Amino acid sequence: MTARERLALALDVPDRAAAMALVERFASDFGVMKVGLELFTAEGPALVRDIVAAGNRVFLDIKLHDIPNTVEQAARRAGELGVWLLTLHTQGGPDMLAAGARGLREGAASARRGAAAEGSGAGGAGPNADAPIALGVTVLTSDADAPPEVLKERALLAQRAGCGGLVCAAPDLPAVSAAAPGLLRVVPGIRPAGAAQADQRRVATPAAAIAAGADVLVIGRAVTAAPDPDAAAAAIVAEVTAELGAS
Ligand code: C5P
């Protein structure tokens, strides 16, 4: 994976205009655009569809946690939208995680069949052709006191339930990689040296996270709230590229 493919930009903004401005400005550096609770609540699936249609991989970070049937149907709708990554909360348990992973897979497959039948090609090319991946959220990176046993348990739970990846903090990478190898490891709480920590408690620099085994880095305020966002993004790309070259 290239540096760009490993970088997800958190679109933590209140509306479509602000989100699309970030997508256009940073799509050359960030291969994944993350739509979280704030933006999804404000703009809903139409915006997700538009970001996908513009050729971006989308990470829908809405941390689903409900009864299995509800999560399955919500995940199915996410799959139909063409998202690449979708978060499910591991606290929801094995049945809920399995239902979510299944719904996501089936939703994407049905959208592809529909697009093929229409001959539109939508959902069958570019980033939309990737099989979607359900990510189990282990422990929030703002939580400083998560015990290590919980982390391993949740990583294993996600793997057994059919999730293709995990969200974890950088310091947790060795433990989750050992407990559940082979999953895509998505890591928020990334702070370049000197950047403000804000509400994140378990942080790492981009290079340290890659060195510890992160596959995809989620980056928000370190770019969007930087005094010079373009320079901050360029520095992160350079740091990740150098680390990939070194490893
Ligand atoms: O601005 P910052 O880089 O801290 O943003 C991190 C992003 O990653 C936010 O959108 C947050 O919701 C998300 N996230 C997180 N911790 C998790 C899962 C997602 O911080 N465990």
Side-chain angles (χ1 to χ4, degrees), residues 6-15 18-19 22-23 26 29-30 32-43 47-48 51 57-65 78 83-92 97 100 133-148 150-151 154-155 157-158 163 165-173 175-176 180 183-210 212 214-227 229 232-233 235-237 239-240:
R6 287 169 175 269
L7 291 173
L9 183 64
L11 305 175
D12 293 330
V13 289
D15 59 34
L22 286 176
V23 171
F26 293 110
D29 289 332
F30 289 79
V32 186
M33 295 296 163
K34 186 173 90 72
V35 175
L37 288 170
E38 178 186 6
L39 187 58
F40 194 66
T41 303
E43 298 288 353
L47 178 65
V48 172
I51 299 174
R57 279 176 164 169
V58 170
F59 172 3
L60 185 58
D61 184 19
I62 52 175
K63 300 183 181 65
L64 296 174
H65 186 182
V83 309
W84 180 44
L85 304 175
L86 172 71
T87 39
L88 310 175
H89 212 297
T90 51
Q91 268 177 298
L97 291 168
I133 298 176
L135 300 175
V137 176
T138 53
V139 174
L140 294 178
T141 40
S142 54
D143 179 354
D145 310 314
V150 168
L151 191 71
R154 291 188 185 166
L157 189 66
C163 291
L166 288 168
V167 180
C168 69
D172 300 337
L173 282 163
V176 303
L183 297 187
L184 188 79
R185 294 177 289 257
V186 177
V187 179
I190 301 297
R191 294 290 180 270
Q197 191 165 333
D199 56 347
Q200 298 284 12
R201 290 292 165 263
R202 295 176 311 134
V203 300
T205 64
I210 294 283
D215 295 305
V216 175
L217 308 183
V218 177
I219 296 173
R221 289 163 290 180
V223 165
T224 55
I236 289 168
V237 172
E239 185 175 332
V240 170

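Both ligands and their constituent atoms are indexed starting at 1 by order of listing. This is a predicted model, so every value here is computed, not measured.
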Find all atoms of ligand 1 within a distance of less than 4.0 Å from any non-hydrogen atom belonging to [X], and give their numbers and elements.
{"X": "Asp12", "result": "9 (C), 10 (O)"}
{"X": "Val218", "result": "7 (C), 8 (O)"}
{"X": "Ala10", "result": "10 (O)"}
{"X": "Arg221", "result": "1 (O), 2 (P), 3 (O), 4 (O)"}

Any residue meeting salt bridge (charged side-chain N to carboxylate O under 4.0 Å, His left out) with Asp215, in chain and number order, not counting sequence neighbours:
Arg185
Among residues at least two apart in sequence or on other chains, which ones pass salt bridge (charged side-chain N to carboxylate O under 4.0 Å, His left out) with Asp61?
Lys34, Lys63
Counting only heavy atoms, which portion of Thr138 has something under 4.0 Å from ligand 1: side chain, backbone, both, or neither?
neither
Ignoring hydrogens and geometry, is there a side-chain-to-backbone donor-acceptor pair from Thr138 to Val167 under 3.5 Å?
yes
So does Ala214 get a backbone contact from the side chain of Arg6, meaning a donor-acceptor N/O pair under 3.5 Å?
yes
Does the side chain of Ile219 reach to within under 4.5 Å of the side chain of Ile236, using non-hydrogen atoms?
yes
Between Gly220, Pro188, Cys168, which one has a non-hydrogen atom sitting closest to atom 3 (O) of ligand 1?
Gly220
